[in-house]
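Taking it in order: structure first as structure tokens, then the write-up.
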Amino acid sequence: MSGMHIGFDLSFTHTEGAWARPGSWVGLDFPDVRMFMELARTAERAGVGLLFFGDGSGIPSTWRGGIEPAVEWGIQWPRHDMAPVIAAMATVTERIGFGLTYSSTFMHPFYVARLLNSLDHVTGGRIAFNVVASTRGADAANYGFGELMDHDLRYERMEEFVEVCRALWDSVAPDAIVRDRETGRFADPAKVHPIDHKGRFFDVKGPLASVPGPQIHPLIVQAGNSPRGIAASARFADLIFGFGGNLASQQRHRRLLDEALLAERRDPADTGILWATQVIVGRTAAEARARRDEVHAFWNEETVAIHLSHNMGYDLSTLPESFRLGELRDELLAANASPAGLVGSLVAEFGEESTMSRDEFFDHGRGRATGLDHSIVGDAESVADALQENFAATGSRGGYMLSSPLAMPSGLADISELLLPELRRRGALAAPVAGATLRENLAV
Ligand SMILES: Cc1cc2nc3c(=O)[nH]c(=O)nc-3n(C[C@H](O)[C@H](O)[C@H](O)COP(=O)(O)O)c2cc1C
């Protein structure tokens, strides 16, 4: 069993006011590629194993039914396709891996398999594919869908999507490429095959017109949290992302995943979960708390409401002055919105009969939108203690997808200069090896 693997989430380094906070870049603005090249070098030096970009293509538009508030305050926008940025980051690093997200609900597997194969070459075998089912109407509308496909159907499509990608990556055998300079013979046609896939969602002839990449199959990551999402993870994912910050639900996720892996005849000991965990580290606990307060100060009621409405798929501007929690949950279900996050946890904490005012609701929501209700805030010793304890209590397989709500580059600098040296000193980290593929480096 290896130590903790550490990933770092670069999805929101320039949104939600982070671009303007103390410690932000001076003279560089998103999407300047040099910012990301510098972050990649810093993270690799510190021993981070994976840099991750999540994705969603829609601008939040649920709150008050329009994009204007999200555009005005930079809430979850702008978001670019980060594939070319990863190519640039790979040229200035040697070991660190890169995770990229595409939606199996909206994209086509031939395009994604081909792109990831190219990225596997450019990165020297350091690419991971986070495949997501997508949950937001704003994304669906960009791809010609009036509304989001049913939840479980999205996972059926995801399973077929990954099956097609894998078949395409196998459609050219690694030893098919001959490159015989004497005769000019390039490849052995007996080792290059169409896939002739005809399925419920996709018809793909194949083969991929590509040279196999160093990993052949880029590492596949999946973060489903529902029973159907976990079943999909067990079926095909090499690595799992989970929501950190709540031990009981992490243990539940680990248990359900292990059962699902066994049902697929896979060994649960071989499959790690990286827990998404927001940390704020300071030289002292007081410094860390002051940084947390800076984050808090950005979020007014409207920015909180934009964020929550987008993630729930429900326009919270329609909330009455006071309401019963169970009533709101039922209303979300009836609107095909997601009660899983904030509303679900408020019902669990206070009970469905309990009444809440609109202001109280947004107060709770602020902790959720900022992630501060589940963040680990403190000096390096106390944050390292918390991570080690949580790692042991969740099966000691995988590690953390850390994130910081602070400005970049200072948020990553704190983690690199304070937290990771402390974890290394304790012998808690798994070390990535130069020359190995990401698949080899992230094995548990
Ligand atoms: C670390 C982490 C990263 C995620 N990244 C994305 C993302 O980039 N885009 C996205 O649409 N969903 C993302 N998700 C959400 C999951 O893909 C999934 O929708 C969520 O866990 C709910 O699971 P369910 O569909 O099984 O209910 C992420 C989840 C986690 C834990």
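Each residue takes its place number in the sequence, starting with 1. Remember, it's 1-based here, ligands and their atoms both numbered in the order they're listed.
At least one heavy atom of Gly242 lies less than 4.0 angstrom from ligand 1.
Shortest contact from atom 12 (N) of ligand 1 to any protein heavy atom: Val132 CG1, 3.8 Å. Scanning the protein for heavy atoms near atom 23 (O) of ligand 1, the closest one is Asn225 N, 3.1 Å. Ranking the protein heavy atoms by distance from atom 28 (C) of ligand 1 puts Ala223 CB, 4.0 Å first.
Evaluated by nearest non-hydrogen atom to atom 5 (N) of ligand 1, the leading choice among Asp55, Ile230, Thr101, Asn130 is Asn130.
No donor-acceptor pair closer than 3.5 Å links the side chain of Tyr102 to the backbone N or O of Met107.
Remark: the Ser382 side chain and the Asp379 side chain contain an N/O donor-acceptor pair separated by less than 3.5 Å. Looking at Ser233 and Gln222, their side chains do bring a donor and an acceptor atom within 3.5 Å of each other.
Between the CZ atom in Arg397 and the NE2 atom in His5 there is a gap of 12.5 Å [rounded to 0.5 Å].
Note that atom 14 (N) of ligand 1 has no protein non-hydrogen atoms nearby, at separations under 4.0 angstrom.
For ligand 1 and Ser226, the ligand atoms under 4.0 Å from any heavy atom of the residue are 24 (P), 26 (O), 27 (O). Atoms of ligand 1 found under 4.0 Å from any heavy atom of Ala276 (numbered from 1 in listed order, with element): 1 (C). For ligand 1, the atoms lying closer than 4.0 Å to a non-hydrogen atom of Phe241 are 1 (C), 2 (C), 3 (C). Below 4.0 Å from some heavy atom of Thr135 lie the following atoms of ligand 1, by number and element: 19 (O). Each of the following atoms of ligand 1 lies closer than 4.0 Å to a heavy atom of Gly224: 23 (O), 26 (O). Close approach to Gly54 involves these atoms of ligand 1, each under 4.0 Å from a residue heavy atom: 8 (O). Atoms of ligand 1 found under 4.0 Å from any heavy atom of Tyr155 (numbered from 1 in listed order, with element): 23 (O), 24 (P), 25 (O), 26 (O).
The aromatic ring centroids of Phe52 and Phe241 lie less than 6.0 Å from each other.
Residue Arg228 does not touch ligand 1, judged by heavy-atom distances below 4.0 Å. The residue Asp9 has no part lying near ligand 1, judged by heavy-atom distances below 4.0 Å.
Taking the six-membered ring where the residue is Trp, His80 and Phe30 present perpendicular rings, their angle passing 60° and hence far from 30°. In this pair, Phe161 and Phe202 present their aromatic rings perpendicular. The plane angle is above 60°, beyond the 30 to 60° band.
Taking only nitrogen or oxygen atoms, main chain and side chain alike, His151 reaches within less than 3.5 Å of ligand 1.
With Arg324 as the partner, the salt bridge (charged side-chain N to carboxylate O under 4.0 Å, His left out) test is satisfied by one option alone out of Glu353, Glu352, Glu331: Glu353.
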Residues Glu163, Arg235; criterion salt bridge (Lys or Arg N to Asp or Glu O under 4.0 Å); working and verdict | CA-CA 10 Å; Glu163 187 188 321; Arg235 196 143 170 211; 5.0 Å; no
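Heavy atoms from other residues, nucleotides or ligands lying under 6.0 Å from CD of Glu264 number more than 12.
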